[in-house]
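What follows is a single structure, written as structure tokens, with notes after it.
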Amino acid sequence: MLNAFLRTAVGAGLVLALAACGGEPTESTTGGAAAAGGDTIKVGLLHSLSGTMAISEVTVRDAELLAIEEINAAGGVLGKKLEPVVEDGASDWPTFAEKANKLISQDKVATVFGGWTSASRKAMLPVFERHKALLWYPVQYEGLESSPYIFYTGATTNQQIIPGLDYLKEQGKTKIFLVGSDYVFPRTANKIIKAYAAANGMTILGEEYTPLGHTEYSTLTNKVVQAKPDAVFNTLNGDSNVAFFKQLKSAGVTAESMPVLSVSVAEEEVTGIGVDNIVGHPVAWNYYQTTENAANSKFVAAFKAKYGDAKVTSDPMEAGYNAVYLWAEAVKKAGTVEVEAVKKASGGIALERPEGLVTIDGETQHMYKTARIGIIQPDGLIKEVWNSGEPIKPDPYLKSYPWAGSLAS
Amino acid sequence: MTAILEKPPVTPAPVKEPRDWRGPALFALVAVIGLVVMPLVLEPFRLGLLAKYLTYAIVALGIGLAWGQGGMLTLGQGVFFGLGGYAMGMHLKLNDAGDGLPDFMVWSGVETLPALWEPFRNPVFAIAMVVVVPGAVAWLLGTLVFRQRVRGAYFAILTQALAAAMVILLVGQQGLTGGTNGLTNFFEFFGQDVAADSTQRGLYFTVAIVLGVLFLGAWQLQRSRFGRLLLAVRDGEDRVRFLGYNPATVKTITFTLSAVMAGIAGALFVPVVGIISPALLGVVPSLELVVAVAVGGRFALAGAVLGAVLMGYAKTYFSEELPDAWLYLQGALFILVIGLAPKGIIGFFRRKDVTA
């Protein structure tokens, strides 16, 4: 028993020695190739490559790598090639913060493209603000945020949720049932939906949440069917959609009798849910693989060439792909990768992207985006049936909507 | 309870071995490495990571005490880690918010500060709660289950269910707890800029010293008569009961101590890492720590500490080197260690004749 103390100390010493070794290789990177010092410009890609979010986030990482490859093939930025540094956020919010810190302080990247869940963004936000470094966040989210060190290339609420509600209203659907996963995006989205409904003569028949990853939907489906809504607004995420749509189908619900409008189901997810279960239901996004323009044909072809013919492209992937181009454009305009100069140069940059014209709003660092409602087709792709006509100015705090006054205070 | 413990020992006191100074000397060496060498060698980012591993090591120390010494396989230490962490997080959030509301309440539509939050404005109250809340919860749970002689797998399942329930509760009460996002974006830590290198350095020393002190405390406890009784309970609970001791009391005290350690670790984790969220205290992180203790060696307190630091470091190292495949390596490391050394890494250093 006496010697346990000894062994303790040996063990702890061993660990500390290991930790010290770990410190070494990093020092070489700090000294040498700073972001713009060498022949390359380092950029960080920080998505979940493991854990529950990996299935979605890996595709965004792939799209960003494609953009980097294309930009390098065209000569790079400021005469230098981009060098991606990939890290795994592991579907774990503190890990996102740790890896963001590592990319900024160890790798000295010029900017980071990363995140998917709001929780991961909230965890990274203080790291980027503290180091005055840049994050490009590529996913639609719940709004009510505008960090000076984050660019939001996905939709905010007035570019996705509100157009979705406008569409339902236009279709004469006034009795709505809300179904969502239990986390920040659905809860905040539903708050906005309730305020919209109150101001637009719509009724909310029910509001139900299930934990992320939940797959038992018979009780909930019964509740929905008994409430007899005109439509369901669905903010479920991930696997839950598979079980939910299957259950709805077996309860006899069809897209005609009770359309379910989803805001987190894109091309990628349709395959997982099974086209048969979800065909005919509407979704709200800013981009579909079928969106028709030259930039999109090129993007879809390049993506399939690099990653395989069976791959589909989706809204968050396109937003990640855009983020790299938008940042590169801002760097070219600024003539440097220095963060404040890039921020300053970014306002007003307009590029023809696969989703159409995207313009950076310098004030909020969100994008002008066109809202598009689509219907899921039997081949698994999504066909646009409605769009907002022109890019909508981002309004993360919904200041221009009188009914939303109490939300953004 | 003390009356019970003061009963004369049933077996004669073991023969005193000659004092061995190698142990304390090595402890001193590790302390020097930890408190002098590391802060000099590591850059701020790496030092911060080491501070994080050391907070895990504090939880592991508690697991080592409860599981290794007491035989209580607790799969829910994340709950106590979280209680301590949220107590600290709530104070920091209120301190940053000043007269206003914490940021997440604003976007969750909460208009007045919930009554539960109000007392956490007071730093003394918040720090007291870091110890009191996890301790009280563990004491209550221990009193209820150990008296009913719930043990083994049933106790493990119970603690795991507690961790799962805690996560659901925190996520569901978004306006009160920040939901899935948890509490993050802290600015000030007791008058210091929490992100400043000097503050982080100070926090590292704090964590290292707290770990050292708790380790010495646990070490003393393990060597004391109480420690022997705890081992006896682990190896033959019924026999201990027939000898006139109450195993439930011994187990409750130990479980409470391990919970308090986890609470302290959680409170230190918050300023070091800058976030506390339900993801940190669910079933998976609780299990990860038990795995770390198993890898290090659960039968020695040092094994627990070693395992936590080693697994934390391995996670960082593998994920930085191989972001696409690091989980496989992490898993392989675990299988390898447990396969080759069922008593963990520390088992390699142990003399065969030592069993405890």
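First the proteins, then the strands, lettered A, B, ... as listed; each starts at 1. As the structure is a computational prediction, the values presented were derived from the model and not from experiment.
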With a 4.5 angstrom heavy-atom cut-off, which part of [X] approaches chain A: side chain, backbone, both or neither?
{"X": "B/I275", "answer": "side chain"}
{"X": "B/L322", "answer": "neither"}
{"X": "B/L327", "answer": "side chain"}

- Looking only at side chains, do B/S319 and A/K99 share a donor and an acceptor under 3.5 Å apart?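 Note: B/S319 and A/K99 side chains meet the donor-acceptor criterion.
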- Donor on one side chain, acceptor on other, A/Q106 and B/E320, under 3.5 Å: no
- The single option from B/I276, B/L280, B/N181, B/T180 passing side-chain contact (heavy atoms from CB on, under 4.5 Å) against A/W93: B/T180
- Residue from A/A123, A/A90, A/S118, A/G51 scoring the most non-hydrogen pairs under 4.5 Å with chain B is A/A123
Less than 4.5 Å to any heavy atom of chain B: does that hold for the side chain of [X], its backbone, both, or neither?
{"X": "A/P211", "answer": "neither"}
{"X": "A/K122", "answer": "both"}
{"X": "A/D92", "answer": "side chain"}

- Query: In Å, rounded to the nearest 0.5 Å, how long is the span from CD1 of B/I168 to CG of A/D182?
  - Reply: 9.0 Å
- Note on the structure: Rounding to 0.5 Å, atoms CZ (B/F318) and CG (A/D88) come to a distance of 14.0 Å
- Would you call B/V273 and A/E98 a side-chain contact if the rule is heavy atoms closer than 4.5 Å? no
- Query: Can you tell if the side chain of B/F187 reaches within under 4.5 Å of the side chain of A/P126, non-hydrogen atoms only?
  - Reply: no
- Query: Taking all non-hydrogen atoms of both residues, which atom of B/Q174 and which atom of A/T188 are closest, and how far apart?
  - Reply: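 In terms of heavy atoms, the two residues are closest at NE2-OG1, 4.2 Å.
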- Query: Does B/D324 come within less than 4.0 Å of A/R61, counting only side-chain N to carboxylate O?
  - Reply: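 Answer for the salt bridge query: yes.
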- Is A/I55 atom CD1 crowded by more than 12 heavy atoms from other residues, nucleotides or ligands, each under 6.0 Å away? no
